[in-house]
Amino acid sequence: MKVLVVGSGGREHAIIKKIKENNAVTEIFALPGNGGMANDAVCVNIDAKDIHSVAQFAVDNKIDYAIVAPDDPLVLGAVDLLEDKGIACFGPRANAAIIEGSKVFSKNLMKKYNIPTAAYEVFNDLDSALKYLETAPIPTVIKADGLALGKGVIIAGSREEAKEAVVSMMQDKVFGKSGDNIVIEEFLTGPEVSVLSFTDGKTVVPMISSMDHKRAGDNDTGLNTGGMGTIAPNPYYTAEIAEKCMETIFIPTIEAMNKEGRTFKGCLYFGLMLTPNGPKVIEYNCRFGDPETQVVLPLLESDLLTVMQAVTNETLSETEVKFSSQSACCVIMASEGYPVKYEKGFELTIPAEISDKVYVAGAKINDGKLVTNGGRVLGVTAVNKTLKDAINDAYLLVKDIHFTNAFYRKDIGAKALKAEEGR
Ligand code: AMP
Ligand code: GLY
């Protein structure tokens, strides 16, 4: 069986490694992938956003199954194109991917169907947004409507900061058309939990919960990044909370999308905040999270391709999705200076005996050598009986990987460990 994975990051590498476990898989292509995946997939230099070329590649190479991982091609309609060409796919069609592609859509959906989320207002002109901010409660949260490389959310601690954010989005167009409309919403507090789920539009099966570490520096300081590490399961997410989320968020969301004629099939990611007033949705993503996938999939005991195909065939309710009772920790190794300015092109050494635990995000092959080629270079994941052991093991693995300018957070999982001890 020939499988195609669209995307190039650590998340895609984790998906590829898991798919490889299925004996029916004979070949895996990554579009475009990266040099650090070359042992696991054939990387072909086609941009994930060039969805017409992606679909043509799939046809020309008689791909049996395609997995579209990143948000951009999903929102652009990669799955629609592939399916229309008769290729079985994992991922939502564009009319459902809008749940991530437009914050205005997702907020209005939640309001219409009573799904708990922060109170909000939508604005499509600068003057009314600025007027609203004169009396809005501070801190406040400003969100660009469309995709903005994960940077479209600004938490403003003062009225001035809020106004600046609105001007930069609506007038200066720092996120282009993504800032034509904005959402201004209530600032919520509480621990954050990421819950990825499989859904075929009829059944929703949450995966093991996880916790991202978005800030660049230890103790959640510094700039927001694409994610500096993850742990799973998330100790804040108790069985009781999970049950409540199923009832008040997960099932209502799947049903709401069906009622809107936008059935969601694929991985629906619930970004949740456990507020004093119960769990609320911070954001939906129409895809696997990065780097959540790098801790969630290593704990999946069922065969990933089988589960994905059940989503495609709408037979998820008959398919077992089993997770290990162990814990996982992923530490991201980045280039010093990320997420702002960093050098690349340094030789990267990953000992062969640990390469199965390493998910490469930003590397390429140059003159036969693997060199760094991005801000986030790789993630290394350890699995062990307890969270504490998984964290220790992940940091031991980090010591075996070398490149100039490597930087990583030293406290991935520390907050989760404290939460566990407090229980
Ligand atoms: P996002 O880019 O949508 O993942 O949002 C980035 C981060 O902003 C989230 O992970 C939260 O930490 C924070 N955030 C988003 N919305 C809110 C909110 N309403 N209240 C507090 N924090 C928020
Ligand atoms: N880790 C957050 C995301 O994938 O959006």
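All ligand and atom numbering here is 1-based and tracks the order in the structure.
- Considering backbone and side-chain atoms alike, F187 places every N or O at 3.5 Å or more from each N or O of ligand 1.
- Backbone and side-chain nitrogen or oxygen atoms of E185 are examined, and one is located within less than 3.5 angstrom of a nitrogen or oxygen of ligand 1.
- Contacts between R215 and ligand 1 below 4.0 angstrom, taking non-hydrogen atoms only, are absent altogether.
- R376 places no side-chain N or O within donor-acceptor distance of the main-chain N or O of T225, the cut-off being under 3.5 Å.
- Distances from atom 5 (O) of ligand 2 to the heavy atoms of K214, R11, R287 show the closest one on R287.
- Aromatic pair F57/F29: centroids less than 6.0 angstrom apart.
- With a 4.0 Å heavy-atom cut-off, ligand 1 is reached by the backbone of E186 but not by any atom from C-beta on.
- No part of D212 comes within 4.0 Å of ligand 1, judged by heavy-atom distances.
- For atom 17 (C) of ligand 1, a protein non-hydrogen atom is found at a distance below 4.0 Å.
- Using a 4.0 Å cut-off between charged nitrogen and carboxylate oxygen, K143 and E283 do not count as a salt-bridge pair.
- Under a 4.0 Å criterion applied to the non-hydrogen atoms of K143, ligand 1 contributes the atoms 15 (C), 16 (N).
- Considering only non-hydrogen atoms, atom 9 (C) of ligand 1 lies nearest to E192 out of E283, E192, M273.
- Close contacts between ligand 2 and N285 involve ligand atoms 3 (C), 5 (O) [criterion: under 4.0 Å to a heavy atom].
- Across T293, D212, D290, heavy-atom proximity to atom 4 (O) of ligand 2 is greatest for D290.
- Close contacts of ligand 2 with G289, meaning ligand atoms under 4.0 Å from a residue heavy atom, involve 4 (O).
- Contact atoms of ligand 1 toward I282: 15 (C), 16 (N), 17 (C), 18 (C), 23 (C) (distance under 4.0 Å to a heavy atom of the residue).
- To the nearest 0.5 Å, the span separating OG1 on T372 from NZ on K344 amounts to 8.5 Å.
- Ring geometry for F123 against Y132 counts as tilted: the plane angle lies between 30° and 60°, on a 0 to 90° scale.
- Ring pair F270/Y284 is perpendicular by interplanar angle, where above 60° counts as perpendicular and below 30° as parallel.
- Both tests do not hold together for K173 against F175: distance to the six-membered ring centre under 6.0 Å, angle to the ring axis within 45°.
- The ligand atoms of ligand 1 that sit less than 4.0 angstrom from a heavy atom of K214 are 4 (O), 10 (O).
- Looking at Y65 and T312, their side chains do bring a donor and an acceptor atom within 3.5 Å of each other.
- Counting only heavy atoms of the protein, atom 2 (C) of ligand 2 lies nearest to Y269 OH, 3.4 Å.
- Between the side chains of K107 and T117, at least one donor N or O sits under 3.5 Å from an acceptor N or O.
- For ligand 1, the atoms closer than 4.0 angstrom to any heavy atom of K103 are 3 (O).
- The residues D40 and K17 are annotated as salt-bridged, a charged nitrogen and a carboxylate oxygen being separated by less than 4.0 angstrom.
- The I155 neighbourhood of ligand 1 comprises atoms 8 (O), 13 (C), 14 (N), 22 (N), 23 (C), with distances under 4.0 Å to a heavy atom of that residue.
- For the residue pair S210 and E292, no side-chain donor N or O sits within less than 3.5 Å of a side-chain acceptor on the partner.
- With N22 as the fixed residue, the side-chain contact (heavy atoms from CB on, under 4.5 Å) test singles out one of L305, L304, V3: L305.
- Of all the atoms in ligand 2, the ones that sit under 4.0 Å from a non-hydrogen atom of E292 are 1 (N), 2 (C), 4 (O).
- Of the candidates L188, T140, V153, the one placing a heavy atom closest to atom 6 (C) of ligand 1 is V153.
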